[in-house]
Structure formats: structure tokens, C-alpha cells
Student: 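The structure that follows is given in the form of C-alpha cells.
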There are 2 protein chains.
Amino acid sequence: MSVDRSPDTGSSRSGSRTAFGALDDLDRRLLRELERDGRISNKDLAARVGVAPSTCHTRVAALRASGVLRGFHAVVDPEAVGRGLQAIIAVRLQAGARRQLGAFARALAARPEVRDVYLLGGSDDVLVHVAVHDSRALRAFVVEHLSTRHEVAHTQTSLVFEHLHVPTTAG
Amino acid sequence: MSVDRSPDTGSSRSGSRTAFGALDDLDRRLLRELERDGRISNKDLAARVGVAPSTCHTRVAALRASGVLRGFHAVVDPEAVGRGLQAIIAVRLQAGARRQLGAFARALAARPEVRDVYLLGGSDDVLVHVAVHDSRALRAFVVEHLSTRHEVAHTQTSLVFEHLHVPTTAG
DNA sequence: GATGAAACTGGTACTAG
DNA sequence: CTAGTACCAGTTTCATC
């Protein structure tokens, strides 16, 4: 009895698994529902996709174990926790500092103000999405962690008026 | 008995609610744990923050009702659902088209490829974060929904090599 | 692999402090 | 508001197809 989801290429199966390790229709529907509502009960989820609760449970456990389902997170109103001001900071690194890009990005991601770090190919190297209390905190963040660091060649800060996040990828 | 969380300014309370509608320490700890693990059971959550399950349940329900807790979502590996290529597209609108910015952003967010839409103040008006199957799909998206639209003055597409998302705001 | 029943565990509502 | 209790619903396991 293997813990991992074994890539059952040859077994008889009602679904339509297309490739090695790929997902079938049922998996995709489960993921879509869980992206929409991460706290849906196993019973309701099973009813939505039209399988037995036990089947649903097995599938979700397999998706979790295989790493397709990375986790479940609550979404909190930033304003309510004192982070009503959001900004995107485009960062260009010194040419020689690009080798440390990964460490630089991870250090940023560890900061409580940081919500997203995008490592880019293009004119800018990094995009940092932050949520802070006010403009004073924003300035403090940029100065302390970006513009005064020797790896950083240039920064450009843009205020975020609105952020629309779409939690569904398995469309 | 009011359904909404009534702003109990004067009542005796062991916690330290600071302002009208603000959150106390317990609320913040609950939010932090739920951001970390959105599927933690009420029992375990109560044990983590050190209150009775019934208390924990009441608090979380209140946070939900008040809109502080916006929702719960599963996070899916983009690669597994055939969206292994990510990009950020910076969009500048025509000067006269900025009045339709909201509608433009919502239309983008409705697309299955789109994960985030940031409305910015600065040289660019919108930042679109997309996850697509391959470079062909990326080009198709940019052409169909951005560069050929009359509201759009300019676009600049950058590939995302890595995206670090930090699901915790209530630090 | 999917299913249905059976044991178990946790969620929800009520009551008291 | 917090905590304890009792009831009920959902989860999880297992034998079966």
C-alpha cells in the first residue's frame, strides 16, 4: 500500500486520465470547488461533483499527497489588520548581484509586509507586493530593505488602488 | 440578540480591544492561524490559541460575519493544472479610457488565465498576473484581451520565473 | 478504483457563570 | 464574553463489488 499516488497508467478506470501523473475530470472539478470554497465539507464536495463521500475523500487525500493541492488558506481583509495601504515595488538589481537573486527574494518574502515576490525576466528583476499601515511604513520598508541595499540598483514604487485576486486556476 | 458582531465598547472583557470595530489579540492570533492553515479544525484552533472550542467557534463566526475573514481557498500547483507559464503584463491605458478602468479590470479578472489584477497609480495603470499553458497561450491572451483593445495604449510583458506568495498578513 | 455501512471524531447549539 | 455539556453531523476506515 503506497502512500504516494501511484501513476496508474494501465489500470481500468472510469475517469479519463490523459497522461502520466495527470489529472482526470473528477480531480479537476474537485480542485475547482476547493479553490472556490476551501472549507467545504467532504460530504458537500462529494455531492457537488457527484461521487460518494468516501471516494471524494480518497481523491482529495491523493491530491494533497501528490502536491497538486498545496494547502488551504484563509483570506483576511488587509484593512482590518492594519494593512490598508498596498504597493508594488519594481526592483532592478546590480548586474553582479543577480546570482544572489534567490536569497534576496526569500529574505523579502520573510518580511511581514510582503505579500508577493515575483522574480521576473525583463527590464525589472523583482516585483514586490507589500501591504502596510501607512505611507510612512511604506517609505520605511523601501528604504530599509530595498533602496539602501547594495544589491539594488533601482526601485520604482507604485501605489495599489485595488487588487483583484482570482482564486481559481483550474478553469 | 443581534446577528452582527455588535461593537461592544463598554462591556467588560478580558481581551484588549483597542478601538471601535478593531480586533483584539485573540482575533489576530485566530486570523494568523487560519491564514497558515485554512482547514484547521475548530478544536485544534482553540487549543493553539488557548481558549475553549466554543469560544473559538463564536469568535471565528463573528470574524466571518463582520467581513474580516473574507473566505477560505485551496492553493493548487499551477503546473499540475496545465498553467505552468506565468507572466506579468504592465498595461497603460489611453488617457480618455481611464474612466472605464474598473470595468476593464473586472473583465480581465473574469478570464480563467488571470490570477491577479493590480490597479496602480504611477506610470502604468494596470498590472495583470496570468498563468497559462505555454508561450502561445500567453501571446494569444495579450493580443486578444490587451494589445488590440482600443482602451489600451501600451503593454509590456515580463515572464515570471518564480512567484513567492506569503499567505500571512496578520503578522 | 469506487462504493456503502459502521465506528469514530469533531462541530454546533444550549446553558450557566 | 467565556466555558462546559449534550446532541448531532461529518469524517474516516474497512469489507465488498
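The structure displayed is predicted, hence computed values, not measured ones. Atom set for the values below is all heavy atoms of this structure, side chains included, hydrogens, waters and symmetry mates excluded. Below, read A as the first sequence line, B as the second, and so on, with proteins coming before strands; counting in each chain starts at 1.
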Student: Could you state the atom-to-atom distance from CG of Asp25(B) to C1' of dT2(D) in whole Å?
Tutor: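 About 16 Å, once rounded to whole Å.
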Student: Base, backbone or nothing for each nucleotide of nucleotides 3-16 of chain C, written B, S, -, heavy atoms under 4.0 angstrom, 5' to 3'?
Tutor: BB-----SSS----
Student: Taking atom CD of Gln100(A) as the centre, does the number of heavy atoms from other residues, nucleotides or ligands within less than 6.0 Å exceed 12?
Tutor: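 Yes, the 6.0 Å shell around CD holds more than 12 heavy atoms from other groups.
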Student: Drop me the distance from Glu162(A)'s CD to Gln86(A)'s CD, to the nearest 0.5 angstrom.
Tutor: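 Between Glu162(A) CD and Gln86(A) CD, I get 10.0 Å after rounding to 0.5 Å.
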Student: Using the rule given for salt bridge (Lys or Arg N to Asp or Glu O under 4.0 Å), can you reason through Asp24(A) versus Arg59(A), listing the C-alpha separation, both sets of side-chain angles and the distance that settles it, and then say yes or no?
Tutor: CA-CA 11 Å; Asp24(A) 66 4; Arg59(A) 286 293 192 113; 2.9 Å; yes
Student: So does Leu93(B) get a backbone contact from the side chain of Asp125(B), meaning a donor-acceptor N/O pair under 3.5 Å?
Tutor: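 Flag set: sc Asp125(B) to bb Leu93(B) pair under 3.5 Å.
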Student: Counting only side-chain nitrogens and oxygens, does Arg59(A) get under 4.0 Å of the OP1 or OP2 atom of dG1(C)?
Tutor: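 For dG1(C), neither OP1 nor OP2 has a side-chain N or O of Arg59(A) closer than 4.0 Å.
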Student: How many Å lie between CG on Leu45(A) and P on dA2(C), as a whole number?
Tutor: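 Distance, rounded to whole Å: 14 Å.
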Student: Under 4.0 Å between a Lys/Arg side-chain N and an Asp/Glu carboxylate O for Glu35(A) and Arg32(A)?
Tutor: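 Answer for the salt bridge query: no.
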